[in-house]
There are 2 protein chains.
Amino acid sequence: MEFNIGDVARMASVSKATVSAVINNRPGVAPQTRENVLRVIKKLNYRPNQVARSLSVRATKSIGLVIKEIDNPHFARVIKGVFSASSRHGYTVILGSSEHSPEKENMSVETLTNQRVDGLIVSPLQASHSDFGYLAQLIARNYPLVTLGEVKNYATNVVDINNEAAAHEAVSYLISRGHQKIAYLSGPAFSAHRLRGYQLALIDHSLPIETKFILDAGPYFENGYTKGKQLFTSSYIPSAVFCYNDLVAIGLVHALQELGFKVPDDVAVIGFDDIDFCQFARIPLTTIHVPAYEIGEKAADLLMRQITNRGNGMVEKNLLDAYLVKRESA
Amino acid sequence: MEFNIGDVARMASVSKATVSAVINNRPGVAPQTRENVLRVIKKLNYRPNQVARSLSVRATKSIGLVIKEIDNPHFARVIKGVFSASSRHGYTVILGSSEHSPEKENMSVETLTNQRVDGLIVSPLQASHSDFGYLAQLIARNYPLVTLGEVKNYATNVVDINNEAAAHEAVSYLISRGHQKIAYLSGPAFSAHRLRGYQLALIDHSLPIETKFILDAGPYFENGYTKGKQLFTSSYIPSAVFCYNDLVAIGLVHALQELGFKVPDDVAVIGFDDIDFCQFARIPLTTIHVPAYEIGEKAADLLMRQITNRGNGMVEKNLLDAYLVKRESA
DNA sequence: TTGAAAGCGCTAACAA
DNA sequence: TTGTTAGCGCTTTCAA
């Protein structure tokens with residue numbers, strides 16, 4: 001019931017090489033023969049075994065994609081972009097998710113490379129305790145790789161936005177609206193670049209950087225909600241907060257409303273990502289728009305190029321535009 | 001730089017068979033030998049080639065997952081569930097997305113089976129014009145398969161909720177609140193089971209089924225928004241609408257607000273899925289809660305069982321609980 | 001406890 | 001234009 005190339009060859013009275021040639025429609029097969037082989041293939045409903053092919057050609061036509069959270073619409077769009085570009089090139093994508101655990105990130109990469117994916121796209125955790133041991137390996141072996149964000153000390157191909165500039169823009173906007181006490185609800189491990197943009201904006205406007213206003217939250221609704229409750233029931237309260245991402249911002253707004261604060265009058269809130277929901281949120285969210293789908297697409301395209309010209313050693317940085325979208329929360 | 005089992009064998013002065021035994025830690029290897037081999041493996045940083053192994057054992061330790069839309073939080077949760085269960089069993093997941101195109105669904109399945117995934121989870125399109133040609137094949141070949149929803153005329157393993165009952169509950173609730181003119185904004189191809197639940201609820205309460213109130217929308221925000229505008233600017237208007245999913249419902253609420261209708265006073269809205277965002281929506285959405293993560297998990301677990309006891313021929317139906325969550329939109 | 005050898009299903013020289 | 005043959009990197013009898 002499960003036929004192989006030999007069966008087809010036999011039935012068509014040709015050699016396996018010939019069958020192989022028609023399958024991969026290589027030239028140099030007599031029309032007659034080709035047709036005949038095709039007929040047999042159809043009759044047998046023969047499907048070439050990709051894994052055998054992969055072993056032989058040492059390429060799997062698949063790539064690995066490792067993200068941080070599947071259940072964040074931002075990443076859903078990234079996936080969709082990767083997916084669409086990969087399909088166009090005939091590549092399959094194997095998904096991995098680190099769920100913010102450096103160990104899982106490492107494991108995912110390990111698993112995927114063992115599966116011999118032709119290349120890897122990873123959205124690296126920026127956790128300081130993550131050693132990125134695998135990265136050195138991959139780079140040394142010249143493994144086709146693109147990271148969705150720079151990784152300190154490693155020269156990788158990257159597709160990203162300028163997080164620092166975007167954060168700077170958001171905070172500067174807040175300042176221009178008269179805010180002086182601005183907090184930052186950070187993502188995991190303070191999400192360095194956005195934090196830096198926040199700090200620089202304050203500095204540029206001669207505002208103090210107050211450590212009490214920099215809170216390590218996390219990437220989810222709950223984190224924004226919890227940290228929000230915490231911050232706004234304390235004795236020292238900001239008039240605006242810039243958030244690591246939209247989920248956190250939405251969670252925060254929720255907390256704020258429960259505490260009786262008006263957004264944006266009592267406190268202004270800015271998010272990051274511009275997921276679709278922003279416009280449907282209770283208070284339409286002012287946020288940084290990041291072209292997630294395009295990031296995914298570009299990353300996959302870049303990876304395809306790496307796969308085909310493996311080894312030129314050149315590394316490519318691709319920064320896409322992100323910008324502030326003003327809605328009602330700030 | 002890229003070593004194989006032969007290299008290890010040579011370096012350790014043993015046979016490939018022995019190396020293979022220690023890799024898969026099979027018993028019957030002298031501790032001495034094992035240790036030695038392990039040392040060489042470490043030294044060489046040897047990684048077994050999974051594709052070679054797959055070819056040999058005729059199993060890839062990977063499954064395929066074909067969903068309808070990646071950018072719907074509902075599916076994100078399903079994926080997460082599948083993912084988590086699969087990882088537990090050491091399986092990798094290759095993602096496919098039909099994007100509501102029967103052709104893509106077919107192609108995805110084809111690609112995945114060619115890649116020789118050990119099993120398949122698919123969220124089948126219910127489009128009437130979709131012939132599901134691949135299903136017959138798969139079933140005939142006894143291919144491990146679970147579908148996230150029943151497929152007419154095919155006996156597959158399924159994990160799902162009782163869509164009809166859930167829709168019935170939602171609509172009955174609306175009726176119990178005094179609504180008599182209730183519309184249904186359906187998903188693609190009217191999403192048969194939910195439509196049926198809607199109709200039965202009307203019938204059970206002796207309410208007429210009005211074709212004008214059954215609109216074929218689609219699965220996205222825009223669909224709900226557009227159809228909402230259309231419906232509520234027409235001359236015959238319902239006082240409540242039951243929606244195919246939360247995205248549609250949220251889009252609809254948006255349209256309603258733009259048109260000056262108050263939700264739920266002027267018109268009540270009920271969604272489906274209970275994605276996280278429902279509670280943060282402008283009008284917290286009343287909806288049917290569906291345990292998406294669990295669906296994913298169960299599906300993967302069931303698939304694993306199918307993979308290990310392939311061929312007992314028995315088919316399993318697994319219906320999880322879904323229930324109405326009352327919030328503020330109805 | 002270990003090793004030799006055949007085989008998984010394909011591709012790719014090379015020869016015919 | 002076609003066929004023969006030798007791999008690709010593993011696993012798995014079977015014999016030693």
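Here is the naming used below: chain letters follow the sequence lines, and residue numbers restart at 1 for every chain. Since the model is a prediction, treat every value here as computed from it, not as a measurement.
Side-chain nitrogen and oxygen atoms of A/Arg58 include at least one within less than 4.0 Å of the OP1 or OP2 phosphate oxygen of D/dG9. In this structure, A/Ser15 does not reach the D/dT4 phosphate: none of its side-chain N or O atoms is under 4.0 Å from OP1 or OP2. Distances shown here put every side-chain N or O of A/Arg26 at or beyond 4.0 Å from the OP1 or OP2 atom of D/dT1. Contact annotation: B/Asn4 side-chain N/O to D/dG9 OP1/OP2 distance is under 4.0 Å. In this model, the phosphate group of D/dT11 is approached by a side-chain N or O of B/Asn24 to a distance below 4.0 Å at OP1 or OP2. Between A/Ser20 and C/dA12 there is no side-chain polar atom (N or O) within less than 4.0 angstrom of OP1 or OP2.
Side-chain atoms of A/Leu38 and A/Arg34, non-hydrogen and from C-beta on, do get closer than 4.5 Å to each other. Two residues are said to be in side-chain contact when any heavy atoms from C-beta on lie closer than 4.5 Å; B/Tyr46 and B/Ile5 meet this criterion. Taking 4.5 Å as the limit, every side-chain heavy atom of A/Asp160 sits out of range of all side-chain heavy atoms of A/Leu148.
When each of B/Lys16 and B/Gly28 is assigned the nucleotide of DNA chain C bearing its nearest heavy atom, the one mapping closer to the 5' terminus is B/Gly28. Between B/Arg116 and B/Pro27, the residue anchored nearer the 5' end of DNA chain C, judged by the nucleotide with its closest heavy atom, is B/Pro27.
Rounding to the nearest 0.5 Å places CG of B/Leu112 at 8.0 Å from OH of B/Tyr143.
Residue B/Leu55 places its side chain closer to C/dC8 than to any other of D/dC8, C/dC10, C/dC8. For B/Ala30, the listed nucleotide lying nearest its side chain is C/dT1; candidates were D/dG9, C/dT1, C/dT11.
B/Val51 comes within contact range of no nucleotide atom at all, as no heavy-atom separation falls under 4.0 Å. Residue A/Phe3 is classed as having no contact, given no heavy-atom separation below 4.0 Å to the nucleic acid. The residue A/Thr33 sits close only to the backbone: its heavy atoms come under 4.0 Å of sugar-phosphate atoms, none of a base. Residue contacts shown for B/Ala17 include a base, since a base heavy atom lies under 4.0 Å away.
Rounded to a whole Å, the CG atom of B/Asn36 is 10 Å from the P atom of C/dT2. Atoms CD1 (A/Ile41) and C1' (C/dG9) sit 14 Å apart, rounded to a whole Å. Atoms CD (A/Gln32) and C1' (D/dT2) sit 14 Å apart, rounded to a whole Å. Here D/dG9 presents its P atom at 14 Å from CG of A/Asn114, a figure rounded to the nearest Å. Rounded to whole Å, the distance from CD1 on A/Ile5 to C1' on C/dT11 is 8 Å. Straight-line distance from the CD1 atom of A/Ile23 to the P atom of C/dA12: 12 Å, rounded to whole Å. Between the P atom of D/dC10 and the CD atom of A/Gln115 lies a distance of 14 Å, rounded to the nearest Å. Protein atom CD of A/Gln50 is 8 Å distant from nucleotide atom P of C/dT11, rounded to whole Å.
With hydrogens and angles left out, the side chain of B/Ser56 and the base of C/dG7 share a donor-acceptor pair within 3.5 Å.
More than 12 heavy atoms of other residues, nucleotides or ligands shown are found within 6.0 angstrom of CD on B/Glu316.
Considering all non-hydrogen atoms of both residues, A/Ala300 and A/Ala85 come closest at CB-CB, 3.6 Å.
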